[in-house]
Amino acid sequence: MRIDVVSIFPEYLAPLELSLIGKARQDGLLELNVHDLRTFTTDKHRTVDDTPYGGGAGMVMKPEPWAQALESVAAARENSKPVLIVPSPAGEKFNQALAYELAEEEQLVFACGRYEGIDERVIDWAQDHFRVRPVSLGDYVLNGGEVAVLAMVEAIGRLLPGVVGNPESLVEESHSDGLLEYPVYTKPSAWRDHDVPPILLSGNHGKIAQWRRHEQFRRTAERRPDLMEGLDAGVLSRADRQAL
Ligand SMILES: Nc1cc(-c2ccc3ccn(Cc4ccccc4)c3c2)n[nH]1
């Protein structure tokens with residue numbers, strides 16, 4: 001997979017040189033290019049913003065630098081247009097299902113807006129060159145798209161083949177089957193008057209799996225009742241129903 005990120009703060013994306021994603025880039029599992037939007041300006045002040053038509057506070061990002069930048073990074077392709085992800089408070093909610101969907105793409109382009117956002121005509125223009133997806137990280141307000149891109153690239157990148165050491169760990173984690181993950185423990189078994197649940201020390205793997213499943217349902221019902229409604233019937237085994 002190739003990922004291109006366009007931002008006026010390219011250094012904001014430096015954390016993607018670290019840890020799992022950084023190693024995936026070094027191992028050639030993921031190509032990630034960060035581009036400074038100001039590279040695509042033509043005036044001596046490298047202007048990327050201007051006042052909003054219709055008035056109002058703040059500034060809006062000018063369309064032309066974005067069109068130049070996006071044309072520059074869109075890999076020429078025969079069959080299908082690359083995906084352009086535009087982080088936005090007004091986008092579809094990012095979730096694990098969308099992360100899996102986007103992990104299948106050959107190229108993802110991320111447009112990090114700032115100020116009051118990007119001139120809407122860029123989104124309209126981009127429809128001919130990209131499959132455009134405005135995406136929200138959650139129902140809270142950030143100052144720009146970079147933090148959302150860091151989160152999305154990590155969530156997507158870790159799903160790519162070879163990035164996570166043990167692919168099995170992707171199966172049991174939160175949201176992989178619509179449920180929150182079970183609690184985890186390690187040594188020492190007794191710690192500051194808090195003990196590890198005895199079942200986990202029993203060596204009875206069937207009972208341990210049952211206990212973990214029950215914990216997934218208990219936690220999901222307690223912390224995210226909204227997820228319980230959306231559970232795929234196939235996820236609920238008979239034992240699961242008994243656990244509810
Ligand atoms: N989930 C999520 C995404 C964003 C986001 C993404 C990109 C931009 C670009 C400028 N801003 C600031 C802004 C705040 C409010 C209204 C309009 C623009 C952004 C915020 N906030 N929250």
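All heavy atoms count here, side chains included; hydrogens, waters and symmetry mates do not. For ligands, and for the atoms within them, numbers begin at 1 and follow the listed sequence.
- Listed by number with element, the atoms of ligand 1 under 4.0 angstrom from any heavy atom of Asn143 are 10 (C), 11 (N), 12 (C).
- Between Pro89 and ligand 1, no N or O atom pair is found at a separation short of 3.5 Å.
- Here Glu215 does not pair with Arg212 in a salt bridge; the nearest charged N to carboxylate O distance is not below 4.0 Å.
- Following chains of ILVMFWY side-chain contacts shorter than 4.5 Å, one cannot reach Ile123 starting from Val60, and the two form parts of different hydrophobic clusters.
- In the candidate list Val60, Val135, Leu142, Val149, Leu142 is nearest to atom 20 (C) of ligand 1, counting heavy atoms.
- Ligand 1 has an N or O atom lying under 3.5 Å from an N or O atom of Gly138, backbone or side chain.
- At a heavy-atom cutoff of 4.0 Å, ligand 1 is contacted by the backbone of Ser88 but not by its side chain.
- Residue contact check: Tyr140 has heavy atoms under 4.0 Å from atoms 1 (N), 2 (C), 21 (N), 22 (N) of ligand 1.
- Taking a cut-off of under 4.0 Å to the non-hydrogen atoms of Ser136, the atoms of ligand 1 that pass are 1 (N).
- Under a 4.0 angstrom heavy-atom cut-off, Ala148 registers as lying outside contact with ligand 1.
- Here Arg218 pairs with Glu222 in a salt bridge; the nearest charged N to carboxylate O distance falls below 4.0 Å.
- Side-chain contact between Leu201 and Tyr185 is absent, with no heavy atoms from C-beta onward closer than 4.5 Å.
- In this structure, CG on Leu180 lies 11.0 Å from CZ on Phe217, to the nearest 0.5 angstrom.
- The shortest separation from a heavy atom of Tyr115 to ligand 1 is under 4.0 Å, placing the residue in contact.
- Using a 4.0 Å cut-off between charged nitrogen and carboxylate oxygen, Asp49 and Arg114 do not count as a salt-bridge pair.
- In this structure, the separation between CD on Glu101 and CZ on Arg133 is 4.5 Å, given to the nearest 0.5 Å.
- Here Glu105 contributes atom CD and Ile3 contributes atom CD1; the two are 11.0 Å apart, rounded to the nearest 0.5 Å.
- The shortest contact between atom 1 (N) of ligand 1 and any protein heavy atom is with Leu137 N, 3.0 Å.
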- Working for side chain to side chain donor-acceptor pair (under 3.5 Å), residues Arg223 and Thr220: CA-CA 5 Å; Arg223 299 179 186 179; Thr220 305; over 6 Å; no

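- Of all the listed residues (Lys93, Glu116, Glu146, Arg114), Glu116 holds the heavy atom that lies closest to atom 18 (C) of ligand 1.
- Each of the following atoms of ligand 1 lies closer than 4.0 Å to a heavy atom of Val141: 14 (C), 15 (C), 21 (N), 22 (N).
- Looking only at heavy atoms of the protein, atom 7 (C) of ligand 1 is closest to Pro87 O, 3.3 Å.
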